[in-house]
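Please read the structure below before turning to the comments.
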Amino acid sequence: MSIFDRIKDAIFGEANAAPASQGSSMGSTAPASSATAATQPHAQSGAATPAANTPEPSAAQTANPAPQMEGGAGYSGNSRAPVDVESILDEAAKTSGQKLDWRHSIVDLMKALGMDASLGERKELAQELGYTGDADGSAKMNSFLHKALMKKLSENGGKVPADLLD
């Protein structure tokens with residue numbers, strides 16, 4: 001998997017986890033879950049364990065389809081509900097326990113996501129994003145990586161602050 005895809009998955013995966021957990025915590029899904037579980041084993045006699053595991057996601061999907069569809073659409077590209085990159089990275093930096101400036105530093109952004117920010121990883125990211133200068137970890141390279149990453153996240157369904165797209 002490419003470095004960009006890992007970054008995108010780390011950011012967009014966080015956004016998709018929130019709607020799924022909200023949908024599964026709704027109290028109204030319990031009766032639907034019980035009703036589905038009661039009818040499912042009869043349709044699949046002899047497979048009681050998979051039938052018991054299958055209805056829970058189905059009930060959550062049936063009870064709350066819109067947030068899951070929106071999250072899925074935001075993940076795969078341009079969508080009706082863009083992923084708020086800023087809030088996700090703010091939270092990631094906060095929970096990292098380090099003082100990170102992800103808004104200006106590609107290294108800090110990668111660290112906030114729990115990724116390896118080594119020169120080797122940044123060189124690979126530079127290739128992916130089309131950097132043509134010396135891949136020596138210079139401020140010029142790192143600045144390019146940050147701007148190109150923000151632009152590509154925006155192109156893939158992320159809501160990125162305008163000042164980070166300049």
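These numbers come from the heavy atoms of this one structure, side chains and all, not from hydrogens, waters or symmetry mates.
- F4 is not listed as a side-chain neighbour of E124, based on a closest heavy-atom distance of 4.5 Å or more.
- The backbone N or O of N142 lies less than 3.5 Å from no partner atom in the side chain of R122, so there is not a single donor-acceptor pair.
- In this structure, OH in Y131 is found 5.0 Å from NZ in K140, a value given to the nearest 0.5 Å.
- Within the model, atoms CG of L145 and CD of E128 stand 10.0 Å from one another, a figure rounded to the nearest 0.5 Å.
- When atom types are taken as modelled, the side chain of D134 and the backbone of D136 share no donor-acceptor pair closer than 3.5 angstrom.
- Taking 4.5 Å as the limit, every side-chain heavy atom of K159 sits out of range of all side-chain heavy atoms of V85.
- Hydrophobic clustering (side-chain heavy atoms under 4.5 Å, transitive across Ile, Leu, Val, Met, Phe, Trp, Tyr) groups L125 together with L164.
- A 4.5 Å side-chain heavy-atom check between H146 and L109 finds at least one atom pair inside the cut-off.
- When every heavy atom of K123 is checked against every heavy atom of A135, the shortest pair comes out as CE-O, 2.8 Å.
- In this structure, D5 contributes its side chain and M1 its backbone to no donor-acceptor pair below 3.5 Å.
- By the criterion of side-chain heavy atoms lying less than 4.5 angstrom apart, applied directly or through intervening Ile, Leu, Val, Met, Phe, Trp or Tyr residues, M141 is grouped together with W102 in one hydrophobic cluster.
- Within the 4.5 Å cutoff, the side chain of R6 has no heavy atoms near those of the M110 side chain.
- In this structure, L149 CG and K8 NZ are separated by 11.5 Å, a value rounded to the nearest 0.5 Å.
- The side-chain heavy atoms of D90 and R103, taken from C-beta on, include a pair separated by under 4.5 Å.
- Counting heavy atoms from C-beta on, the side chains of I3 and L129 never come closer than 4.5 Å.
- Side-chain N or O atoms of D108 include one that pairs as donor or acceptor with a backbone N or O of D101 at under 3.5 Å.
- There is no path of hydrophobic side-chain contacts, each under 4.5 Å, that joins I11 to L100.
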